[in-house]
Amino acid sequence: MTMSFSPHPPNFPGCNSIQEQRDCWERKCSRVAKELVQTEQHYCQQLELVTTVFVEILKAKGTLKEEIREAIFSSIKSILSMNQSLLVHLQNGYIGKGLEQFCSHLHHYNTYVDNIYNANKVLGIQLKKNKAFRRFKKLQEARPQFHNQKLEDLLQLPVQRINQYKYFLQDLAANTSPDNPEFEQFSSKYFCSQIS
């Protein structure tokens, strides 16, 4: 029996696998981070529009009483503020730090989500009995920036967005190298439980 030896080591799957895996993680993590930043920018723009075009103008015009405005829009202004802060962190590449700070203010989202059923109910009542508000709503919804979305759809944005963070966090944790300083933050059970 003769054995031949190749001058080159065999190319087993797994050769260079640690570096390849790190590169793959880095690429995927970079894509997830980029998507997170882009969607956060869009989300903040939408929230800012709702806050300016509905909340602030309604307040200035006095079309709705303060308690009715608060019942419909709940903590949306606080949510906008915390998301603008998150966006600054994300744009500067401090994803873990931004999300950690964001988690410490999640009570604004909890308040909003807990109130969404009531918000829709109050909105429905106002649309039936308040002609000035009905006209105002229709006029504001016609703005091109809203892309034919109704206020009812816009009020759902924070509810939808908070669910998206859970998936971004899972993707970041799955695609961050264990030796990355942010790996601990992304995979922390506390951190994940705050957003989910």
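- You'll find the side chain of Glu35 stays beyond 4.5 Å of the side chain of Arg31, heavy atoms only.
- With hydrogens and angles disregarded, a donor-acceptor distance shorter than 3.5 Å links the side chain of Gln140 to the backbone of Val53.
- The side-chain heavy atoms of Gln126 and Lys137, taken from C-beta on, include no pair separated by under 4.5 Å.
- Distance check: Leu90 CG to Lys97 NZ gives 12.5 Å after rounding to the nearest 0.5 Å.
- Contact detail for Gln84 and Cys44: the closest heavy-atom pair is N-SG, 3.9 Å.
- The heavy-atom pair separating Ala33 from Ile95 by the smallest distance is CB-CD1, 3.3 Å.
- From Asp171, atom CG reaches atom NZ of Lys28 across 9.5 Å, with rounding to the nearest 0.5 Å.
- Side-chain contact check for Gln41 versus Gln91: some heavy-atom pair is nearer than 4.5 Å.
- Cluster membership for Leu80 and Ile57, using ILVMFWY side-chain heavy atoms within less than 4.5 angstrom, is shared.
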Intermediate values then yes/no, side-chain contact (heavy atoms from CB on, under 4.5 Å), Leu123 and Phe133: CA-CA 10 Å; Leu123 178 61; Phe133 175 63; 3.5 Å; yes

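- Ring geometry, His89 versus Tyr94: the interplanar angle exceeds 60°, so the pair is classed perpendicular (tilted spans 30 to 60°).
- Between Leu127 and Arg134, the closest heavy-atom pair is O-NH1, 2.6 Å.
- Met82 places none of its side-chain heavy atoms less than 4.5 Å from the side chain of Ser78.
- Aromatic pair Tyr43/Tyr165: centroids not less than 6.0 angstrom apart.
- Side-chain atoms of Thr52 do not come within 3.5 Å of backbone N or O of Leu49 as any donor-acceptor pair.
- Expressed to the nearest 0.5 Å, how far OG1 of Thr39 lies from CG of Leu87 amounts to 9.5 Å.
- Using a 4.5 Å cut-off between side-chain heavy atoms of Ile, Leu, Val, Met, Phe, Trp and Tyr, with links allowed through other members, Ile162 and Ile116 fall into the same hydrophobic cluster.
- With 3.5 Å as the limit, one finds no donor-acceptor pair spanning the side chains of Thr63 and Arg69.
- Residues Phe54 and Leu154 form a side-chain contact, since some pair of their non-hydrogen atoms from C-beta on lies under 4.5 Å apart.
- More than 12 heavy atoms of other residues, nucleotides or ligands shown are found within 6.0 angstrom of NE2 on His107.
- With contacts defined as side-chain heavy-atom distances shorter than 4.5 Å, the pair Glu56/Lys77 qualifies.
- Note: His147 NE2 to Asp153 CG = 13.0 Å, rounded to the nearest 0.5 Å.
- Between Ile125 and Lys129, some side-chain heavy-atom pair lies under the 4.5 Å cut-off.
- What you find for Pro158 and Ile79 is that their closest heavy atoms are CB-CD1, 4.2 Å.
- A distance of 11.0 Å separates CD in Glu67 from CD1 in Ile72, rounded to the nearest 0.5 Å.
- Listed here is the closest heavy atom pair of Leu151 and Glu141: N-OE2, 2.7 Å.
- Taken from CG in Leu58 to CZ in Phe73, the straight-line distance is 5.5 Å, to the nearest 0.5 Å.
- Connection of Val122 to Val159 is established within a shared hydrophobic cluster, with ILVMFWY side chains joined at heavy-atom distances below 4.5 Å, either directly or through further cluster members.
- No side-chain heavy atom of Leu64 sits under 4.5 Å from any side-chain heavy atom of Phe136.
- Contact between Asn120 and Leu155 at its shortest, heavy atoms only, is OD1-CD1, 4.3 Å.
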